[in-house]
Each structure stands twice: as C-alpha cells, then as structure tokens.
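All ligand and atom numbering here is 1-based and tracks the order in the structure. We use all heavy atoms of the structure for the numbers below, so side chains are in, but hydrogens, waters and symmetry mates are not. Model, not experiment: these values are computed from the prediction. Heads up: numbering here begins at 1 and tracks the sequence.
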Amino acid sequence: MPASYAYLGPEGTFTEVALRTLPESATRELIPYVSVQSALDAVRNGEAEAAFVPIENSVEGGVTTTLDELVAGKPLTIYREVLLSITFALLVRPGTKLSEIKTVTAHPVAQPQVRNWLRAHLPDALWESAASNADGARLVQEGRYDAAFAGEFAAERYGLEALETGIHDAENAQTRFVLVGRPARPAAPTGADKTSVVLWQNDDHPGGLRDLLGEFATRGINLMLLQSRPTGAGIGNYCFCIDAEGHISDRRVADALMGLKRICRQVRFLGSYPRADIKPGEAAGPTRPGTSDEEFMAAADWVARCQDGRF
Ligand SMILES: O=C(O)C(=O)Cc1ccccc1
C-alpha cells in the first residue's frame, strides 16, 4: 500500500484542491475523512502518514477545530503549509431558481466570507453548517438543503449546477492549510520559514502576555499569528497559539524558545516549515541589530572566553 495522506473530505473540498498543489501528493494515496478530528486521528493511530487540514482563514481567523486538535492530545507536527485563494459558487440541484432557495449550507468558516452576499440575495434563507463545503454540496444532492456554498469544481462531482460563481465578501480571501504528521525532525531551513508553538502561562499576573511576546520582540522576531484558545479549565484560562517568523535552527528563534520554556508552564513545539506566502530568498531576514546567527554565536563565544578567563 502506498503511503497515504488523510484530508478533510469528502471529495471536492477546497482542502483537496490545496493538497493537490503539493508535488508529493502525486505519490500518495489521498484519503478523505469526514472531519478534521478524524483526519488527525488517522495520523495519531498510524493509519495515515500525514493529514491535510485547514488552519487559518484571512476573513474568519483560526480554524478552531484544527487549533484545538493541535493544542491537545498526542503531539503532532506541521510539516508544510499551503495558501489558497477562495471564492465560492452557489451550488443547487439543476433547475433550481434563486427564489426557490429556502435553506443554505457550507462549512462554518465559509459563512463570514459570504454573509453580505447572503444578506443581499437570500436574506430569508436559513443557514445550517456542514462538516465541509463539499459535504454541503453532497447534502444538496441528497435533497437535505436547497443550496450550498462550495468550490465551483464540486458541482460536477455532486451532479449540481452553479447558480452563481465568484462569491466573496472580501477581495483576496485566502485559506491556509497545513500538512500535519507525527513528531519528526523539521525540514531544513529554507531562509523563509515559520515556527508554530503553543504557550501556557505559568501564572496569571499583570503583563503576563507581554512577557511572552517580549521573548520574540527582543530578538527581532515578527509574529504572523496570535490566537488565544480556552484551556477548558474555566473562564479567563487561555493558551496562546503563535506563528513566528524563522526556523528553530535560527539562533534567535531557538533562543526565544528557550526563554519561553523558562517562563511558561508548558510550551508545545508545533514545527518549523517553509512559508507559503513568500519564496526562499524573499524573506527580509533579521532586521533588529544584534539578532543574526553570527551575532548570537559571537556573543556565546565571548561568554565562553570570559568563563575561561580569556577576555
Ligand atoms: O475545504 C473545504 O472545503 C472546507 O470545508 C474547509 C474550508 C472552509 C472555508 C474555506 C476554505 C476551506
């Protein structure tokens, strides 16, 4: 059996389209799962080599199911990320008119991307969430809903017709997807990388979050995502999902992680992987003076010489 990648299915999701842009997907069996949880469980229990799931949307923010799965349970690691521009089509059973649509469905992350369109064109339609956009299309095929917001490409797969295409409230809406596997050595740095971590504060004190963020700021590390998630231990109890620029093999990133490890109750490393928004060589590199690898190494060397009496 070839190595397999699990993904948020069924066939015809944006997730599948994004997955197929990864060259390595051509050599894997791609297996649809009904939910993010079941795709990630397939990795945790060894059924699949890796899972491909949505994690962030430029309109709605973090995909909370995915973040919560990465925050808790058996540790998983992000290997790769993919960005996909998203516009929706309104899919209906052939012959359905706009005036006949009473119920619509799609993945909950799709709703904020089509809300204005719905208000303008189908103000009285009842919205219900589907497990994925393609699953919404499947439910329309089965007659459970009148219309689904999904990729235009899903129409053929589910015998539907696109009544409208190019639906998007926000220009250039993008969704970010990640390939997640069991913990492994991160891929070598490309020069344009990202590091994801989850942080749990040691105690509740004024400026606690500022202390965590300060570990990045003093080392000139830009943050690309900061999302708090409830720990489940009561109101006001949160952990923080953070994406930071750079690779764990960059001295400033490793040093920041060491700083966080010393002051946090728990740090979960979620991986260092190539950025999808820019190509290697396009990254600005450390802009804050004193934060390059060379400067970190020279400083460590100087301390060693002082300890040795050779200053
Ligand atoms: O991949 C899909 O089709 C999904 O259901 C997840 C999703 C939701 C909204 C935008 C992009 C992907």
*Which of the atoms in ligand 1, numbered in the order shown and given with their element, are less than 4.0 Å from a heavy-atom of His107?*
5 (O), 8 (C)
*Counting heavy atoms only, which part of Ile86 comes closer than 4.0 Å to ligand 1: side chain, backbone, both or neither?*
side chain
*Does Phe52 have its ring centroid less than 6.0 Å away from the ring centroid of Tyr33?*
no
*Sub-4.5 Å side-chain heavy-atom contact between Tyr145 and Ile101*: no
*When you measure from atom 8 (C) of ligand 1 to every protein heavy atom, which one gives the shortest distance, and what is it?*
Asn133 ND2, 3.2 Å
*Looking at Arg28 and Glu24, does any basic side-chain N land under 4.0 Å from a carboxylate oxygen?*
no
*Of all the atoms in ligand 1, which lie at a distance below 4.0 Å from a heavy atom belonging to Ser132?*
5 (O)
*Just distances here: any N/O of Phe14 and N/O of ligand 1 closer than 3.5 Å?*
yes
_Contacts of type salt bridge (Lys or Arg N to Asp or Glu O under 4.0 Å), residue Arg115, not counting sequence neighbours_ = none
*Please indicate whether any nitrogen or oxygen in Gln113 is less than 3.5 Å from any nitrogen or oxygen in ligand 1.*
no
*NZ/NE/NH1/NH2 to OD/OE distance under 4.0 Å, Glu81 and Lys194*: yes
*At what distance is the nearest protein heavy atom to atom 1 (O) of ligand 1, and which residue and atom is it?*
Thr15 OG1, 2.5 Å
_salt bridge (Lys or Arg N to Asp or Glu O under 4.0 Å) partners for Arg310, two or more places apart_ = Asp308
*What residue and atom, counting heavy atoms only, is the protein's closest point to atom 10 (C) of ligand 1, and at what distance?*
Thr175 OG1, 3.6 Å
